[in-house]
Protein chains: 2
Amino acid sequence: MELHMDMMDSPCGLDVSLKVIGGKWKPLILYHLQGGPARFSQVKQRVVGISEKVLIQQLRELVAMNVLIRRDHQRVPPMVDYALTPFGETLVETLRPLCEWGTQNRARVAATLASASSQP
Amino acid sequence: MELHMDMMDSPCGLDVSLKVIGGKWKPLILYHLQGGPARFSQVKQRVVGISEKVLIQQLRELVAMNVLIRRDHQRVPPMVDYALTPFGETLVETLRPLCEWGTQNRARVAATLASASSQP
DNA sequence: TTCCATACTTACCTTTAGGTAGGTACTGCC
DNA sequence: GGCAGTACCTACCTAAAGGTAAGTATGGAA
C-alpha cells in the first residue's frame, strides 16, 4: 500500500516519452532538426547511416505524433522539408542532457563495450 | 565543408547514450532504482509488466556497462540487490527531463495515439 | 523520346528485442 | 521425501524494427 502511494506521488512518464521517440533513429533525427527545418535529403545526410526507407518511416511517425511538421513546397522535383513543432521543441529539449552525457562518456562506453566483446 | 564543421562543433552523443540505455525497459529500470538499492523481486514488482527473463537480461547488461552494481548477499534463498553506480547516477539524471515531459504530456500523447489507431 | 532529381512506396528478408514455459541450484522446514 | 523461496538459465517462439532492392510519380531539360 505504501509502495503503491509512492508510485502515485512520482509517476514516471518515461513510457510515454519512449512511445514517442523510442527506437534507434528518432532521437537522432530530432537532434538534427534542432538547427531548423531541413529537406528530406538534408536530414538523410545528417543522420549518418540511416536508410532512406527507415528515414521516411520515422519521419512519418514523428509527423503523426505532431513532433514534426512536414511542408511540401509543391515542386518538381519534389521539395519537402521537415521542422520541429513547438511541441516537438519541448521534447528535443529533454534530449540535451542525454546527448551531453553521451558525448562526455563516449570513450568510456566504447572501452567498456570493447572489453565486453572480447570476452566470450 | 561548413556543414561538416558544424557537426564537429556540436557532436551528438545520443548514439552512445542509446547504446547504454536503449530499449523498452532499461530507462524504466534505472528510474526505479533511483530510490536506492532494490532486490531482484522488488525491481520486478516496480517495473510493471516486465517478464522475469527480460529483467534478468537487462539487469545483466546494465551491470556490464557499470551503470548498476549487483550485490549477492550469499544467502539461501538467494538475496541479491541492484543499485546505481555513481556513473549510473549521472546517467539517470539525464532521464529526468524526459520523464517529466512524458508525465506532462501523457494525456496529449494518448489522445494522439488513439486518434491515429482509429484511422486505417 | 530519354534522363534527371527528389521523395516516396512496396516486397521481401534479416536482425533484434521481447515473451512463454520449463527447468536448475541451494538450503531449510515439514 | 515434498515444498517453499529466490534468482537465475535454457529452448523455442513471436513481434517489432531495421535493411536491401526495385519501383513509382512528377515536371523539366536535353
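Side chains are part of it too, since the values below use all heavy atoms of this structure and drop only hydrogens, waters and symmetry mates. In what follows, every chain begins at residue 1, and chains take the letters A, B, ... in the order their sequences are listed.
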Next on the checklist: Between R70(B) and dC8(D), is there a contact of a side-chain N or O with OP1 or OP2 at under 4.0 Å?
Outcome noted: yes
Checklist outcome for this item: Between CZ of R60(B) and C1' of dA17(C) the distance, given in whole Å, is 15 Å
Next on the checklist: Between L68(A) and L84(A), does the side-chain contact (heavy atoms from CB on, under 4.5 Å) criterion hold? Intermediate values first, please.
Outcome noted: CA-CA 4 Å; L68(A) 295 186; L84(A) 288 170; 3.7 Å; yes
Item to check | Presence of S41(A) side-chain N/O under 4.0 Å of dA5(C) phosphate oxygens OP1/OP2 | outcome: no
Checklist entry - Between atom CG of L95(B) and atom CG of L14(A), what is the distance when rounded to the nearest 0.5 Å? => result 5.5 Å
Checklist outcome for this item: On DNA chain D, more 5' by nearest nucleotide between P77(A) and F40(B) is F40(B)
Below 3.5 Å is the cut-off: list the nitrogen or oxygen pairs between protein and nucleotides 14-20 of chain D, distance only.
| from | atom 1 | to | atom 2 | distance (Å) |
| --- | --- | --- | --- | --- |
| dG18(D) | OP1 | K24(A) | N | 2.7 |
| dG18(D) | OP2 | Q58(A) | NE2 | 3.3 |
| dG19(D) | OP1 | K24(A) | NZ | 3.2 |
| dG19(D) | OP2 | W25(A) | NE1 | 3.2 |
| dG19(D) | N7 | K53(A) | NZ | 2.8 |
| dG19(D) | O6 | K53(A) | NZ | 2.7 |

Item to check | Where V43(B) and A38(B) come nearest, the two heavy atoms and their spacing | outcome: CG2-CB, 3.8 Å
Checklist entry - Under 4.0 Å: is that the gap between some side-chain N or O of R75(A) and OP1 or OP2 of dA7(C)? => result no
Item to check | Integer-rounded Å distance: dT27(C) C1' and H73(B) NE2 | outcome: 18 Å
Item to check | Per V76(B) side chain, nearest of listed nucleotides dA7(D), dG5(D), dA7(C) | outcome: dG5(D)
Item to check | Linked, directly or transitively: V54(A) and L18(B) (ILVMFWY side chains, under 4.5 Å) | outcome: no
Checklist entry - Could you give the CG-to-C1' distance, from L68(A) to dA7(C), as a whole number of Å? => result 16 Å
Checklist entry - What distance separates T90(B) OG1 from E93(B) CD, expressed to the nearest 0.5 Å? => result 8.5 Å
Checklist entry - Within this structure, what is the CG-to-P distance between L18(B) and dA17(C), rounded to whole angstrom? => result 12 Å
Checklist entry - Once you round it to whole Å, what is the distance between C1' of dG19(C) and NZ of K44(B)? => result 12 Å
Next on the checklist: Heavy atoms from C-beta onward define the side chain here; which of dA7(D), dA7(C), dG5(D) lies closest to that of P78(A)?
Outcome noted: dA7(C)
Item to check | Side-chain N or O of R39(B) closer than 4.0 Å to phosphate OP1/OP2 of dT6(D) | outcome: no
Checklist outcome for this item: Taken to the nearest whole Å, CE/M79(B) to C1'/dA25(C) is 17 Å
Checklist entry - Nearest 0.5 Å, what's the CZ-CG distance between R46(B) and L33(B)? => result 7.0 Å
Next on the checklist: Without decimals, in angstroms, what is the distance between D72(B) CG and dA25(C) P?
Outcome noted: 17 Å
Checklist entry - For the pair made of CD in Q45(A) and P in dA5(C), what is the distance, rounded to whole Å? => result 14 Å
Item to check | Under 3.5 Å donor-acceptor, R106(B) side chain and C12(A) backbone | outcome: yes
